[in-house]
Amino acid sequence: MIKYDVVIAGSGIAGASVAYFLSRKGFKVLFTDVKPFERAGDKPCGDAMGKHHFDELGIEYPKGEELEGLVKAIDIYSPSEEIRYRVTGEGFEVNRVEFTKRFIRLAQNKGAEYLPEVQVRKLLFKNGRVIGASLWSRSRGEWEVEADLVIDATGMSRALLRQLPKDWPIRDDLRPQDMNIAYREIRKLKEPVEEPEILRIYVSQEKAPGGYWWFFPYSFKDGVVNVGLGVQGGMGHPFPKDLLYTKVLNSPIFEGSEIIEAGGAAVPTRRPINTLVWEGIAAVGDAAYTVNPIHGGGKGSAMLSSWCMAEAVEEAANSGGLTTEALWGANKCFIDRYGAKQAALDIFRVFLQRLSDKDLDDGMRRKLIKEEDLNTVSLHGDLELSTVEKAMRLLSGLRRPTLLFKLKTVADYMGKIKEHYRKFPEDPSGLNSWLTDLQRIYDDFLKKL
Ligand SMILES: Cc1cc2nc3c(=O)[nH]c(=O)nc-3n(C[C@H](O)[C@H](O)[C@H](O)COP(=O)(O)OP(=O)(O)OC[C@H]3O[C@@H](n4cnc5c(N)ncnc54)[C@H](O)[C@@H]3O)c2cc1C
């Protein structure tokens, strides 16, 4: 049986980038995907990525074929569409396949072995630890490989994590209400789009319950837009495709437009996975719930989780082996850079999903949270107390019962969660009690909401 340092299941952006980050450090890496190279990373997506992700990881900006357009700002519309917030920030509309292929090629150039159209099937266990996996391809049938670490980068399917015993904390199954189910089309409109470097997000419980619908132009392609709609899972909401067709695509702007691509997919919108590593197995990207719970963007944070994983593997290898204890730094790396903020945003997400369209319109009209506060929330996961106090004053004239009055509770719990993540255990032995306390914070928050 061939032995690798690391075997990676899935070569979307998470799997391809972790393959690159590990192979450039000299590890012997095998990474596979059930899809062919030509379809690498083609999960249906809004394709938007902030520039800051590239700066943080020292990765070259997308260019040439990898780029569909530039982004200067995002406009967020209230349910009535009468109020608009503009959040400025540079970014890109990427070609997701070309972008993923870049990392596959980079990893191959550094010596990683890439096997497209190969499925990772069953995990192999020995003495309570994952020690490898079986692979399968149409041409070769089934065979087994050994590895010091197997990484699940299979996205929402979590093909390997789902095989683990339920009491392994890394298994951490996804509840349906903590995911967003989305459908999107790429369309060529008859007319060019005005301000093509501005992405548009429309918040509306009526049109996209528990989610939003979006209109993202590709500024390099006249009149081409990525338009989609996502709803919260597990709530019995109608299918997002039906909602997109009945509530959005009947608008005159889409008349006579041509469908270039269409597809649906789901995305996790919750706090990060309990732990990124456990007894010979690790997780990155959507499989590890690294997505932003508010806007559902996940490519940048998937790459961050991959980067943290590679750093931890290097550190563990230098200290004697890839044990859970030695790899524990992957958790701290991700939590410090993003995970704590992500958990705070999860609290905010739960609140937003309960607001009515009237609340959302009132909140935006009265500027309870302003554009600049939104920037702070999205950059740091903080809802400043001064903002909340101002918001309470602005609300004082409003007599009807509204969840908006709970903004202070939300801000408090966002702070509490972040504080708790700062106390993430130094080693695996403290994880269980830390998770019990975390659950208590969530339970208290839900009781008070
Ligand atoms: C509609 C929609 C819109 C989105 N919009 C944005 C956006 O605008 N910006 C953004 O940043 N993010 C967006 N996201 C999120 C983003 O698409 C994901 O976070 C990102 O693609 C996750 O990458 P990944 O590599 O973890 O998973 P995936 O891209 O799902 O890759 C997993 C790979 O694993 C492979 N695989 C599965 N099982 C196996 C197996 N057993 N063996 C081998 N291979 C296997 C699959 O074929 C797949 O290629 C959106 C998501 C959706 C659904």
Side-chain angles (χ1 to χ4, degrees), residues 7-19 30-50 53-54 68 71 74 91-94 96-97 99-101 103-104 114-123 133-137 150-163 179-186 199 201 208 211-216 218 226-231 233 240-241 244 261-269 273 283-293 295-306:
V7 166
I8 301 157
S11 310
I13 192 59
S17 60
V18 77
L30 170 71
F31 66 123
T32 91
D33 203 294
V34 287
K35 289 180 191 158
F37 179 62
E38 288 315 314
R39 288 187 49 218
D42 76 347
K43 172 176 173 157
C45 183
D47 301 329
M49 289 189 75
H53 294 298
F54 296 83
E68 305 279 18
V71 176
I74 305 181
F92 310 100
E93 278 294 308
V94 296
R96 63 205 162 284
V97 172
F99 182 60
T100 309
K101 281 181 178 173
F103 289 91
I104 294 178
Y114 167 59
L115 296 179
E117 297 179 72
V118 170
Q119 183 185 25
V120 179
R121 281 210 160 159
K122 280 192 234 94
L123 287 172
S134 73
L135 312 183
W136 180 89
S137 79
V150 176
I151 299 183
D152 188 333
T154 63
M156 283 287 288
S157 69
R158 308 183 90 227
L160 305 186
L161 295 168
R162 282 192 290 111
Q163 298 175 30
M179 67 171 93
N180 203 274
I181 302 161
Y183 174 81
R184 72 96 178 84
E185 292 185 353
I186 298 172
L199 307 183
I201 283 181
Y212 61 84
W213 72 270
W214 69 89
F215 180 94
F216 291 177
Y218 292 166
N226 182 315
V227 55
L229 185 149
V231 303
K241 180 176 178 180
L244 189 72
E261 218 183 295
V267 72
T269 51
I273 192 171
V284 290
D286 280 12
Y289 312 139
T290 53
V291 177
N292 182 305
H295 57 57
K299 286 185 186 299
S301 41
M303 291 196 302
L304 173 64
S305 66
S306 297

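Just so you know, ligand 1 is whichever comes first in the structure, and atom 1 is the first atom listed for that ligand.
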Under 3.5 Å: N or O atoms of ligand 1 paired with protein N or O:
from: ligand 1; atom 1: 5 (N); to: Gly46; atom 2: N; distance (Å): 2.7
from: ligand 1; atom 1: 8 (O); to: Asp47; atom 2: N; distance (Å): 3.1
from: ligand 1; atom 1: 8 (O); to: Ala48; atom 2: N; distance (Å): 3.0
from: ligand 1; atom 1: 9 (N); to: Ala48; atom 2: O; distance (Å): 2.7
from: ligand 1; atom 1: 11 (O); to: Ala48; atom 2: O; distance (Å): 3.3
from: ligand 1; atom 1: 11 (O); to: Gly298; atom 2: N; distance (Å): 3.1
from: ligand 1; atom 1: 11 (O); to: Lys299; atom 2: N; distance (Å): 3.0
from: ligand 1; atom 1: 12 (N); to: Gly298; atom 2: N; distance (Å): 2.9
from: ligand 1; atom 1: 14 (N); to: Gly296; atom 2: O; distance (Å): 3.4
from: ligand 1; atom 1: 19 (O); to: Asp286; atom 2: OD1; distance (Å): 2.7
from: ligand 1; atom 1: 25 (O); to: Ile13; atom 2: N; distance (Å): 3.2
from: ligand 1; atom 1: 25 (O); to: Ala14; atom 2: N; distance (Å): 3.0
from: ligand 1; atom 1: 26 (O); to: Asp286; atom 2: N; distance (Å): 2.9
from: ligand 1; atom 1: 41 (N); to: Val120; atom 2: O; distance (Å): 3.0
from: ligand 1; atom 1: 42 (N); to: Val120; atom 2: N; distance (Å): 3.0
from: ligand 1; atom 1: 44 (N); to: Val34; atom 2: N; distance (Å): 3.4
from: ligand 1; atom 1: 47 (O); to: Asp33; atom 2: OD1; distance (Å): 2.7
from: ligand 1; atom 1: 49 (O); to: Asp33; atom 2: OD1; distance (Å): 3.3
from: ligand 1; atom 1: 49 (O); to: Asp33; atom 2: OD2; distance (Å): 2.7

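No option in Leu123, Val284, Leu161 other than Leu161 meets the side chain to side chain contact (heavy atoms under 4.5 Å, CB included) test with Asp152.
Under the 30°/60° scheme for interplanar angles, the aromatic rings of Trp214 and Phe216 are found to be tilted.
Taking the centre of each ring, Phe92 and Phe54 come in below the 6.0 Å mark.
At least one donor-acceptor pair under 3.5 Å links the side chain of Ser11 to the backbone N or O of Thr32. No donor-acceptor pair under 3.5 Å is formed between the side chain of Lys241 and the backbone N or O of Gly263.
Taking a cutoff of 4.0 Å between a charged side-chain nitrogen and a carboxylate oxygen, Arg184 and Glu261 qualify as a salt bridge.
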